[in-house]
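Below is one structure, written out as structure tokens; the observations come after it.
Every chain is numbered from 1, with letters handed out A, B, ... down the list of sequences.
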Amino acid sequence: MMSDLSSKYDPAEVEGKWYQHWMNSGFFKSQPDSNKEPFTIVIPPPNVTGVLHMGHMLNNTIQDILIRKARLDGKNACWVPGMDHASIATEAKVVKRLREKGIKKSDLSREDFLAHAWEWKEEFGGVILEQLKKLGASCDWDRTRFTMDEKYYESVIDTFIHLYEKDLIYRGYRMVNWDPEALTAVSDEEVIYTEEQSKLYHVRYQIEDSDEFVTIATTRPETILGDTAICIHPKDERYLHLHGKRALVPIVNRSIPIILDDYVDREFGTGCLKVTPAHDVNDHELGQKHGLESIDILNANGTLSEAAEVLIGEDRFDARKKIKPMLEEVGALIKVEDYQNKVGRSERTNSIIEPRLSKQWFVKMQPLAEPALAAVESGDIRFHPNKFKNTYRHWMTNIKDWCISRQLWWGHRIPAFYFGEGNDHFVVAKSAEEALKKAREIDPSLAMSDLRQDEDVMDTWFSSWLWPISVFDGFYNRDDLNYYYPTSDLVTGPDIIFFWVARMIMAGYEFEKKRPFENVYFTGIIRDKQGRKMSKSLGNSPDPIELIEKYSADGVRLGLLMTAPAGNDIPFDDAICEQGRNFANKIWNALRLIKSWKVEDKPVDVVNEKALSWLQHRINKEQVSIDANYSKYRLNDVAMSLYKLIWDEFCSWYLEAIKPAYGESIDQQTYDATIFQLEKLMTMLHPIMPFITEEVWHNLRERNNVDCVFLAEWPEATSYEELSILSFGNAKQIISEVRSIRAQKNLSPRETLDVYQPGDEGAYKDFSTIIQKLANVNLKNAEIPEGPNASFIVGTMEFSVPLEGLIDASAEVAKLEEELNYQEGFMKSVSKKLANERFMNNAPAQVVDAERKKMADAESRIASIKEKLSTLK
RNA sequence: GGGAGUUUAGCUCAGUUGGUUCAGAGCACCUCGUUUACACCGAGGGGGUCGGGGGUUCGAAUCCCUCAACUCCCACCA
């Protein structure tokens with residue numbers, strides 16, 4: 001029997017085998033079924049360009065656990081996978097690849113470029129989904145969606161039109177965050193600000209028709225070329241006399257006004273501010289307020305434009321270097337200091353963001369935010385951990401309009417059609433035909449050839465925010481949507497709470513009038529041992545597939561989970577996966593042990609009967625807490641519970657208790673019950689470690705193809721006897737104490753010892769046979785015989801092991817005195833409490849009773865220690 | 001500059017409404033062990049004045065004040 005199970009669990013073959021089996025059996029599939037309660041998760045769609053990293057591993061492990069648990073709970077579990085087209089990231093990759101082939105994007109037509117992009121997508125896209133299968137992800141792969149699928153695409157366009165018609169989308173000439181590398185606008189959320197070392201240049205401007213100068217401080221001297229005013233504080237007496245005069249911009253000698261505004265911080269720099277309305281958000285506002293001219297000295301790609309007059313065509317950073325000697329030459333540069341400031345960089349290209357005036361499409365957020373904020377505030381949607389509510393509230397109450405147009409081709413094209421001169425006349429329509437119809441209502445003479453569709457596409461997140469709806473094609477077919485929506489849980493990282501979570505909630509209420517999900521589980525961020533974020537550039541991110549090969553998917557899953565309370569960052573170390581692997585091996589060997597037993601139809605052994613009864617109580621008790629932890633999303637606690645339940649209680653105590661002696665057999669009844677209990681444990685562990693549990697399940701008894709733990713039922717928690725657990729706890733303590741004595745005295749475990757215990761044995765009596773077996777002792781409920789002996793106390797019971805010739809009386813005395821000291825200290829503190837009138841008056845009766853009991857227990861312990869000491873001395 | 005959060009054993013974290021001498025778990029560590037499931041193991045063991053200080057209370061890891069350190073989010077200071 002034993003021979004066909006190796007002593008080491010080999011996950012590689014097992015994991016592949018069961019995944020294939022589940023897939024082939026269609027276990028992952030879900031269809032609406034009005035007789036079953038749905039449980040839905042939509043995957044946070046990875047970028048089509050993405051490869052699996054540790055963040056995905058954690059995130060998808062958790063989703064898989066929730067989905068598998070729901071299945072065991074008898075729900076119709078549906079996990080929808082998919083991918084995000086990731087407009088800017090993908091386009092960058094495609095452009096790069098074309099460049100490597102010697103093709104420039106600018107030489108291609110939109111259609112040709114998109115053809116290349118789709119080709120790229122077909123070739124490289126979706127690697128990550130294949131990798132997820134290795135992890136065990138039980139997604140309904142037939143439902144795999146892509147944000148640019150035909151129906152999905154249509155839904156994005158339709159929602160754009162819907163919002164436009166509701167006046168919630170508008171086109172505006174605004175200062176936006178411009179990425180000069182990707183050549184597109186990006187949203188506020190896509191800009192990452194970091195502290196960087198830079199320089200503060202002090203530059204003086206001559207006052208027109210005077211010998212006087214005014215000095216300003218700037219970190220961007222090249223923008224001097226776009227200055228259209230100098231601004232001073234209206235109460236700053238140092239400069240007030242200059243108000244109304246004009247200053248000359250160095251190098252280009254343009255005359256600009258000197259204006260007053262209390263926006264200026266008198267303490268900063270020189271207290272004078274140069275105003276460049278085209279290149280700074282605040283300056284832009286000042287410009288509008290004071291009616292200043294706006295000179296845009298930069299081209300889209302970050303080089304200086306004709307308007308700069310000098311250094312035309314130079315990159316903005318080269319220009320900054322080159323303008324320094326030029327300023328020196330005209331005597332305008334006073335000094336340069338080191339300075340630390342915040343610089344905004346593009347999330348995608350990492351290039352420094354340029355505030356730029358341009359015409360873009362915006363979504364009015366305020367009206368959308370209101371119901372979305374209320375939903376989270378009221379608990380209609382719950383965050384786990386709850387603390388992210390604060391972050392969410394803060395953002396939602398200070399929400400700004402969302403710039404959704406991107407000057408890219410890969411994405412959902414804005415359905416606006418322009419006609420006539422310039423881009424001021426347009427209609428928004430689903431198709432060119434419809435657009436023409438609408439346009440003709442304005443100008444009947446228009447022909448199709450007069451219409452020009454907007455070249456831009458929408459922000460990726462403008463499609464992702466529809467994810468929970470559009471994966472079900474919900475705008476066009478209500479069958480699936482009505483059943484699966486709202487989805488149950490969303491599992492994601494806190495880093496995309498604004499990008500995605502908040503916006504999905506808005507879209508949910510706007511388009512479906514319902515929350516998109518009930519619960520949001522925020523995972524932590526995976527860091528390396530030193531606490532750094534994992535990143536490609538640091539090279540500190542392990543390859544998840546290699547990890548799986550080394551530790552098994554089950555091992556990695558458990559490892560990730562054990563150290564990951566929701567929302568806490570995880571300092572990742574391979575060693576935590578080792579723990580998972582070891583655990584799988586432990587389970588495997590428990591299986592081997594059980595399967596190796598010779599089974600006989602014979603009366604149930606009393607040891608087995610008691611052990612089994614205890615185990616059942618013990619499992620039931622743990623199950624109550626496991627169920628509670630599941631409902632609180634404390635999955636790491638669930639994992640820990642099962643780990644200890646299986647390893648310590650089932651393997652170390654129960655199996656050791658019932659294990660037949662060498663050559664002996666086990667009774668049929670206990671054997672069957674043991675298998676049943678292990679099946680129960682495997683069912684409970686299955687969501688966390690799906691593969692080993694399935695393998696064990698099928699090895700425990702003959703089963704057919706559909707009798708899988710995958711389809712099992714989550715065991716129902718039944719009541720348990722606390723007393724049984726307590727008295728087994730006493731038994732464990734007694735066993736440990738005896739083992740400890742053996743260890744200290746160097747006694748062989750094979751030598752049976754006598755253990756005397758006078759008085760009441762009620763607190764362990766049920767398990768005395770187990771104690772005798774596991775500690776290899778003869779328990780004697782009798783007075784302790786005269787002579788040297790080692791002793792210990794469990795509860796209020798005293799135990800003694802006569803050890804002729806092995807006892808060092810003085811050491812024993814010292815040990816007992818220490819114990820006595822401790823007990824007396826304890827009693828003193830308790831009696832102090834009981835003597836305290838205020839305690840007696842204020843403390844609840846049960847607390848007082850507990851103290852009294854402690855007192856009594858301590859007294860009896862002290863008495864027996866003293867007696868013991870007197871015999872020794 | 002504003003807001004939130006964290007601080008308990010070497011590491012990662014539990015500790016419910018203040019009440020057992022309550023300071024706990026896992027890992028790591030130390031000692032012993034070739035016992036016929038498993039050395040990816042077993043048995044035993046050491047380790048923290050609960051960030052500092054003050055206060056409330058009969059009683060504080062838990063409540064209040066204060067200081068310190070760290071993390072994250074938001075914000076237009078050139």
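Aromatic ring centroids of A:Y392 and A:F388 lie 6.0 Å or more apart.
Dashed line: the shortest gap from a side-chain N or O of A:R592 to OP1 or OP2 of B:C41 is not under 4.0 Å.
To the nearest angstrom, C1' of B:G42 lies 14 Å from CG of A:N585.
A:S187 and A:E190 form a side-chain donor-acceptor contact under 3.5 Å, judged by distance and modelled atom types alone.
Counting only distance, with no hydrogens or angles, the side chain of A:K274 and the backbone of A:T218 share no donor-acceptor pair below 3.5 Å. Checking side-chain atoms of A:N776 against main-chain N and O of A:P749 turns up a donor-acceptor pair under 3.5 Å. Panel note: side chain A:S740, backbone A:S736; no donor-acceptor pair is recorded below 3.5 Å. For A:H290 (side chain) and A:D261 (main-chain N/O), no donor-acceptor pair under 3.5 Å exists by modelled atom type.
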Give the dot-bracket line for RNA chain B from 5' end to 3' end: parentheses for intra-strand Watson-Crick or G-U pairs under 3.5 Å, square brackets for crossings, | for inter-strand pairing, dots for unpaired. (((((((..((((.....[....)))).(((((.......))))).....(((((..]....))))))))))))....
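Ranking B:G44, B:G15, B:C41 by closeness to the A:S736 side chain, first place goes to B:G44. Checking B:G44, B:A4, B:A43 against every side-chain atom of A:S740, the shortest atom distance belongs to B:G44.
Under the 6.0 Å distance and 45° angle rule, A:R503 counts as a cation-pi partner of A:W402.
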Treat primed atoms plus P, OP1 and OP2 as sugar-phosphate and everything else as base, then score nucleotides 73-78 of chain B 5' to 3': B for base contact with protein heavy atoms under 4.0 Å, S for sugar-phosphate contact only, - for none. SSBBBB
Reading nucleotides 19-31 of chain B from 5' to 3' and marking B where a protein heavy atom lies under 4.0 Å of the base, S where only the sugar-phosphate is that close, and - otherwise, the string is BBB---SSS----
